[in-house]
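Values below: all heavy atoms of this structure, side chains included; hydrogens, waters and symmetry mates excluded. Residue numbers start from 1 in every chain, and the chains themselves are labelled A, B, ... in the order their sequence lines are given, proteins ahead of strands.
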Protein chains: 2
Amino acid sequence: MEAEGERYTITDLAREFAVTPRTIRFYEAEGLLAPERRGTTRLYGKADRARLAWVLRGRAVGFSLSDIRELLDLYTPGSDNRAQREAALAKTEQRLAALRAQRDAIDSTVTELEQFAATLRSRL
Amino acid sequence: MEAEGERYTITDLAREFAVTPRTIRFYEAEGLLAPERRGTTRLYGKADRARLAWVLRGRAVGFSLSDIRELLDLYTPGSDNRAQREAALAKTEQRLAALRAQRDAIDSTVTELEQFAATLRSRL
DNA sequence: CCGCCAGTTGACGCGAACGTAAAGGTCATG
DNA sequence: CATGACCTTTACGTTCGCGTCAACTGGCGG
């Protein structure tokens, strides 16, 4: 089976995710994407689209591109020996801890901004 | 009253918040801090300390330094006419919306990473 | 007075994440 | 066949957030 399904051009994805084609090519140069080619033109499938979505959400939560590459590499099992899986688990849990801390920081900031907004409204 | 209270040196604050003095000076150059001087040496008070804490938490949630400066400027009322307060309120609520969106992104990512961690553990 | 530490101001450097030409290939359409 | 739309690569430019000297200035202990 030759992976039937939607194919997207680079500008399709760029529009859908509100980034520039340049950005998508840059992610490919960084090893985050690897679309097929028809000639020289890139052709993206469902999986590529999902990876791109992952990358962009990673970026939205503050991950660096190399962070994201690392996580994506964990997702795609590769040669699966025990030590590698344990390392992957450890790294994943580190990320989780950092994310929860970040969410706490966001919550504090939100609370503070809400109070500030309230006092602003009260003075109108 | 001459604002009695603790005074901190730059390295005091640097240690307390786990940043380098260079970082603190940089924030001052960016207009985020404005400590007193005894001669040329910087002296930080409680308010400066609080501002620094704000800056660092802002950075932790992904704000740029100019974002942070903007928010700090809103906090310090300045010349308080009605239009300005309404603008401040609008900007504050934009920030709030962005922060909530970011928290949602974090929650999604956390959920996904948790599932991934679970499958990793099940394969050990 | 000497050395040393802690502070200061430039000024240049750097990695990350793209933007922005410059120069060209390919394909449809009039 | 020429024009335009869309794709490509190569390569240099830019912004942000500091790091890293370099060179200097007090203040303090011995």
Side-chain angles (χ1 to χ4, degrees), chain A residues 6-45 48-49 51-73 95 98 102 105 109, chain B residues 6-45 48-49 51-73 95 98 102 105 109:
Chain A
E6 332 283 288
R7 299 287 136 155
Y8 315 88
T9 77
I10 195 168
T11 38
D12 287 345
L13 287 187
R15 256 192 294 271
E16 177 175 357
F17 291 103
V19 298
T20 68
R22 169 68 175 113
T23 298
I24 299 183
R25 290 193 199 99
F26 181 71
Y27 291 164
E28 179 176 346
E30 293 295 303
L32 302 177
L33 299 173
E36 303 169 22
R37 300 273 184 147
R38 185 187 48 192
T40 84
T41 297
R42 294 167 174 82
L43 273 187
Y44 301 83
D48 297 315
R49 187 173 165 283
R51 278 180 81 92
L52 177 56
W54 232 103
V55 171
L56 294 178
R57 242 203 2 221
R59 198 188 53 170
V61 306
F63 287 165
S64 76
L65 294 189
S66 61
D67 290 344
I68 295 172
R69 180 174 42 218
E70 201 179 302
L71 288 172
L72 285 176
D73 290 353
R95 292 294 174 195
Q102 199 186 336
T109 306
Chain B
E6 332 283 289
R7 299 286 136 157
Y8 314 89
T9 78
I10 194 168
T11 38
D12 288 346
L13 288 186
R15 257 192 294 271
E16 177 175 357
F17 291 104
V19 299
T20 68
R22 168 67 175 118
T23 298
I24 299 182
R25 290 192 200 99
F26 181 72
Y27 291 165
E28 179 176 348
E30 294 294 304
L32 302 176
L33 299 172
E36 302 168 21
R37 302 273 184 148
R38 184 187 50 192
T40 83
T41 297
R42 294 166 173 83
L43 273 186
Y44 301 83
D48 297 315
R49 187 172 164 284
R51 278 179 81 93
L52 177 56
W54 232 104
V55 171
L56 294 177
R57 245 207 355 227
R59 198 189 52 171
V61 307
F63 287 165
S64 76
L65 294 189
S66 61
D67 290 344
I68 295 171
R69 181 175 42 219
E70 200 179 302
L71 288 171
L72 284 176
D73 290 353
R95 291 295 173 193
Q102 200 186 334
T109 306

Sugar-phosphate or base contact per nucleotide [nucleotides 10-21 of chain C; S, B, -; heavy atom under 4.0 Å]: -B-----BBBB-
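Counting to the nearest Å, the C1' atom of C:dT9 and the CD1 atom of B:Ile24 are 17 Å from each other. B:Leu32 has its CG atom 10 Å from the P atom of D:dC18, to the nearest Å. Here D:dT10 presents its P atom at 12 Å from CD of A:Glu28, a figure rounded to the nearest Å. Atom CD1 of A:Ile10 is separated from atom P of C:dG25 by 20 Å (rounded to the nearest Å). One can place CG of A:Leu43 at 13 Å from C1' of D:dC6, the figure rounded to the nearest angstrom. When the P atom of D:dC7 is taken as reference, atom CZ of A:Arg25 falls 8 Å away, rounded to whole Å. With rounding to whole Å, A:Arg7 atom CZ is found 18 Å from D:dC7 atom C1'.
Under 4.0 angstrom from either OP1 or OP2 of C:dG7 there lies at least one side-chain N or O belonging to B:Thr9. The shortest distance between the side-chain N/O atoms of B:Thr41 and the OP1/OP2 oxygens of D:dG26 is not below 4.0 Å. Taking 4.0 angstrom as the limit, B:Thr11 places a side-chain polar atom (N or O) nearer than this to OP1 or OP2 of C:dG7.
Residue A:Arg38 qualifies as open at atom CZ: its count of foreign heavy atoms under 6.0 Å is 12 or below.
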Which donor-acceptor pairs under 3.5 Å do side chains of residues 52-59 of chain A form with protein atoms, sequence neighbours excluded?
residue, atom, partner, partner atom, Å
A:Trp54, NE1, B:Glu112, OE2, 2.8
A:Arg57, NH2, B:Glu112, OE1, 2.5
A:Arg59, NH1, A:Tyr27, OH, 3.3

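Rounding to the nearest 0.5 Å places CG of B:Asp73 at 11.5 Å from CD1 of B:Ile68.
Note on B:Arg42: only backbone sugar-phosphate atoms sit closer than 4.0 angstrom, heavy atoms only; bases stay farther off. If you check every strand for non-hydrogen atoms under 4.0 Å, A:Arg37 touches sugar and phosphate atoms only.
Scanning both residues, B:Leu65 and B:Leu32, for their nearest heavy atoms gives O-CD2, 3.8 Å.
A salt bridge links A:Arg42 with A:Glu28: the closest approach of a Lys/Arg side-chain nitrogen to an acidic carboxylate oxygen falls below 4.0 angstrom. One finds a salt bridge joining A:Glu36 and A:Arg7 here, because a Lys/Arg side-chain nitrogen approaches an Asp/Glu carboxylate oxygen to under 4.0 Å.
Remark: B:Arg95 qualifies as a cation-pi partner of B:Phe63 under the 6.0 Å distance and 45° angle criteria applied to the six-membered ring.
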